[in-house]
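Encoded as structure tokens, the structure appears first; notes follow it.
Residue numbers start from 1 in every chain, and the chains themselves are labelled A, B, ... in the order their sequence lines are given, proteins ahead of strands. Just so you know, these numbers use all the heavy atoms, side chains as well, and skip hydrogens, waters and symmetry mates.
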2 protein chains.
Amino acid sequence: MSSVAALEDAAMELFLEQGYQNTSIDEIARRAGISRATFFNYCDTKSDVLWVDVDRALASLETLLGSALSLREALHSVASAQPRERIPLVASQSEAMGLGDELAASAGVRLDRLRLIIAGSGVEHQDVWLVLGAIVGALVSWARAPSPREELVGLLDEQLQRIRGALGQHSVATLF
Amino acid sequence: MSSVAALEDAAMELFLEQGYQNTSIDEIARRAGISRATFFNYCDTKSDVLWVDVDRALASLETLLGSALSLREALHSVASAQPRERIPLVASQSEAMGLGDELAASAGVRLDRLRLIIAGSGVEHQDVWLVLGAIVGALVSWARAPSPREELVGLLDEQLQRIRGALGQHSVATLF
DNA sequence: TGAATTATTAGACTGCGTACATAAATTAGG
DNA sequence: CCTAATTTATGTACGCAGTCTAATAATTCA
């Protein structure tokens, strides 16, 4: 098992047992069998351990868009790679971890990263926040849905179709 | 001058002079003529000092919605109260302060607060992120526009009109 | 004026995140 | 197989954010 996965498991266990605030990086590292210093070789901050999967997906998106794919194609590719049955625990167990404002704060970093991705993909300036809202809305409703979930790709398309009429032609060209 | 305004001024000066990361709460408090301990009587966190005006507006929104106004009325009221010529410095000077991820993180907290407001105002579940995107898009484009700005209310109405067709009837009822 | 309430302050403490130096482990080449 | 180079893991010290508690000043009010 890769060390970052071991960190995720150890952290999630502790967060669910004791809460996020009451769990120190020391404890996470100890349970994962590494030192505190090594923790920071895998995660820059304590909250990063919640978002490993999401950050990986965002990195994929950036890579795909860097190789001249359209936003639609890149989204489709990354969305298809997400398993329907196992979603990031931050999406399903966030209340149980007692995250408080750390959830919204660390989510904000990922939201901004996605915003930059959208803005750099050909979506028009005045459409970026709308597209962001549609995509995140789809992601959230997908993550919150009970298993068995439908395919994420379908939900994404559905949400984006709803705002198609509100978008400029360049935006439509990259998204449809 | 209220002490929180003095804190804002002192903090903004220092952030612009030295950057956000290189400015300690001690320095902010000292320049504002208070002690570090007192700083925390006015702001819970260092980044809160960036968002005093925004948090005040959000609190107004919550108050107005608590007194049975529709979301449209509450938004209109709060938006009309924002001066066109003076916007929160976090919106216009964020790059110069070297905020880094702290901007997205602290913005995420406010975004989530606004999301909760929208969700509690009668907007349908599946429309919340879309409405949030439209509203934030309007706010951002308003804040980024050069002076003299048009009225925020107009921009808000304009952005919301664009997604009207995508919303359910309950959402439309609270927003139009 | 004196009491009660509130605002301010000092100081100690936990823990995050950084910096830097050191040591172990892995890989590569001869 | 051994050594050198590189990567990965670790120890330690530090600055600073945010919390807590207790004590002091300032303000309000009877």
Side-chain angles (χ1 to χ4, degrees), chain A residues 1-52 55 90 97-110 112-113, chain B residues 1-52 55 90 94 97-110 113:
Chain A
M1 179 166 56
S2 91
S3 293
V4 66
L7 268 184
E8 278 189 272
D9 291 347
M12 292 307 167
E13 283 177 24
L14 288 165
F15 292 163
L16 291 173
E17 286 171 18
Q18 327 174 349
Y20 179 87
Q21 306 278 356
N22 300 324
T23 302
S24 70
I25 292 178
D26 258 308
E27 290 177 278
I28 301 170
R30 209 175 310 129
R31 181 167 300 201
I34 62 175
S35 74
R36 180 184 131 93
T38 305
F39 175 94
F40 290 104
N41 288 356
Y42 294 96
C43 294
D44 285 341
T45 73
K46 182 180 169 185
S47 59
D48 277 10
V49 81
L50 295 165
W51 296 94
V52 172
D55 287 334
V90 68
M97 300 187 196
L99 294 172
D101 277 356
E102 280 291 318
L103 176 60
S106 54
V109 176
R110 278 77 199 182
D112 194 58
R113 191 172 172 190
Chain B
M1 180 165 56
S2 89
S3 293
V4 67
L7 268 183
E8 278 188 271
D9 290 347
M12 293 306 168
E13 284 176 25
L14 287 164
F15 292 164
L16 291 173
E17 285 171 19
Q18 325 173 348
Y20 178 87
Q21 307 278 356
N22 301 324
T23 303
S24 69
I25 292 178
D26 258 309
E27 292 176 277
I28 300 170
R30 209 175 309 128
R31 181 167 301 200
I34 62 175
S35 75
R36 179 185 133 89
T38 306
F39 174 94
F40 290 103
N41 288 354
Y42 295 95
C43 295
D44 285 341
T45 73
K46 182 180 169 184
S47 58
D48 277 10
V49 80
L50 295 165
W51 297 93
V52 172
D55 286 335
V90 69
S94 55
M97 300 187 197
L99 294 172
D101 276 356
E102 281 290 320
L103 176 60
S106 54
V109 175
R110 279 76 200 182
R113 191 172 172 190

Next on the checklist: Keeping A:Tyr20 on the side-chain end and A:Ser47 on the backbone end, is there a donor-acceptor pair under 3.5 Å?
Outcome noted: yes
Item to check | Residues which pass salt bridge (Lys or Arg N to Asp or Glu O under 4.0 Å) with B:Asp55, listed by chain and number, not counting sequence neighbours | outcome: B:Arg110, B:Arg113
Next on the checklist: Using whole Å, what does the distance between atom P of nucleotide C:dT18 and atom NZ of A:Lys46 come to?
Outcome noted: 15 Å
Checklist entry - How about A:Asp48 and A:Thr45: does a side-chain donor come under 3.5 Å of a side-chain acceptor? => result yes
Next on the checklist: From OH of B:Tyr20 over to P of D:dG15, roughly how many Å is that when rounded to an integer?
Outcome noted: 20 Å
Checklist entry - B:Glu102 has an atom CD; how far is it from atom P of D:dC16, in whole Å? => result 15 Å
Checklist entry - Roughly how many Å is it from CG in B:Asn41 to P in D:dG18, rounded to a whole number? => result 15 Å
Checklist entry - When all nucleic acid strands are considered with a 4.0 Å heavy-atom cut-off, which category describes A:Ser47: base, sugar-phosphate, or nothing? => result nothing
Item to check | Heavy-atom check, side chain of B:Leu7 versus side chain of B:Ile34, under 4.5 Å | outcome: yes
Checklist outcome for this item: When rounded to whole Å, the CD to P distance for the pair B:Gln21 and C:dG17 reads 12 Å
Next on the checklist: Please give me every residue in residues 25-40 of chain A whose heavy atoms get under 4.0 Å of an atom in DNA chain C, ordered by residue number.
Outcome noted: A:Ile25, A:Arg36, A:Phe40
Checklist entry - OP1 or OP2 of D:dT8 less than 4.0 angstrom from a side-chain nitrogen or oxygen of A:Tyr42, does that happen here? => result no
Item to check | Donor-acceptor contact below 3.5 Å, side chain B:Glu27 vs main chain B:Ser24 | outcome: yes
Checklist entry - Are any non-hydrogen side-chain atoms of A:Leu50 and A:Met12 less than 4.5 angstrom apart? => result yes
